[in-house]
Amino acid sequence: MASLDEDLHAAALDEIDRACTLGWSQLRAHTPWGDTFEGISPDGRDVCFERTYLWEAEPGSDIRVEVTVYEPHAYEEGVKLTRTIHRETV
């Protein structure tokens with residue numbers, strides 16, 4: 001069994017990969033947006049997944065994707081990952 005930090009990091013990495021599967025064109029109409037839901041980590045822990053899509057600067061710019069995974073009672077001890085989906089030339 002992995003440590004708590006390793007488990008949360010693995011869950012966050014998987015979630016941010018999923019969060020970035022849509023391209024800028026598909027996400028622009030839904031940005032800014034965020035959601036939190038409960039799930040299970042790779043090691044079977046009950047965790048919360050928080051996913052947000054935010055504009056890096058002004059609306060229509062690059063989209064910042066943030067994912068935080070944490071145990072329900074310990075948000076501050078969670079793992080947060082950030083990636084950028086670059087604006088497509090339309």
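Just so it is clear, the values below take in all heavy atoms, side chains as well, and ignore hydrogens, waters and symmetry mates. This is a predicted model, so every value here is computed, not measured.
- Residues F37 and V69 are members of one and the same hydrophobic cluster, defined by side-chain heavy-atom contacts under 4.5 angstrom among Ile, Leu, Val, Met, Phe, Trp and Tyr.
- Within a 6.0 Å sphere centred on CG of D46, other residues, nucleotides and ligands contribute 12 heavy atoms or fewer.
- For the pair R87 (side chain) and G60 (backbone), a donor-acceptor distance under 3.5 Å is present.
- Counting non-hydrogen atoms of other residues, nucleotides and ligands closer than 6.0 Å to CD of E77 gives a total of 12 or fewer.
- The hydrophobic clustering, which links ILVMFWY residues whose side-chain heavy atoms are closer than 4.5 Å, places L27 and W33 together.
- Residue-environment remark: CD (E38) stays at or below the threshold of 12 foreign heavy atoms within 6.0 Å.
- Considering only residues two or more places apart in sequence or on other chains, E66 meets the salt bridge (charged side-chain N to carboxylate O under 4.0 Å, His left out) condition with R64, K80.
- T84 and D62 share no side-chain donor-acceptor pair at under 3.5 Å.
- Considering all non-hydrogen atoms of both residues, V67 and A12 come closest at CG1-O, 4.0 Å.
- Note that CZ of F49 and CD1 of I16 are 12.5 Å apart. Values are rounded to the nearest 0.5 Å.
- If you take OG1 on T31 and CD1 on I63, they are separated by 3.5 Å, rounding to the nearest 0.5 Å.
- A distance of 8.0 Å separates CH2 of W55 from CZ of R28, quoted to the nearest 0.5 Å.
- Nearest heavy atoms, D43 versus A2: OD2-N, 2.7 Å.
- Contact record, S41 with V47: N-CG2, 3.9 Å, taken as the closest heavy-atom pair.
- Within the model, atoms SG of C20 and CD of E15 stand 10.0 Å from one another, a figure rounded to the nearest 0.5 Å.
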Exercise for review: Could you please spell out the steps behind the side chain to side chain contact (heavy atoms under 4.5 Å, CB included) verdict for E71 and L4?
Suggested key: CA-CA 9 Å; E71 290 185 298; L4 174 61; 3.5 Å; yes
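- In this structure, I85 and L22 approach most closely via the heavy-atom pair CD1-O, 3.7 Å.
- Heavy atoms of other residues, nucleotides or ligands lying less than 6.0 angstrom from CZ of R83 number more than 12.
- Through side-chain heavy atoms spaced under 4.5 Å, either directly or across other Ile, Leu, Val, Met, Phe, Trp or Tyr residues, Y70 is tied to Y75.
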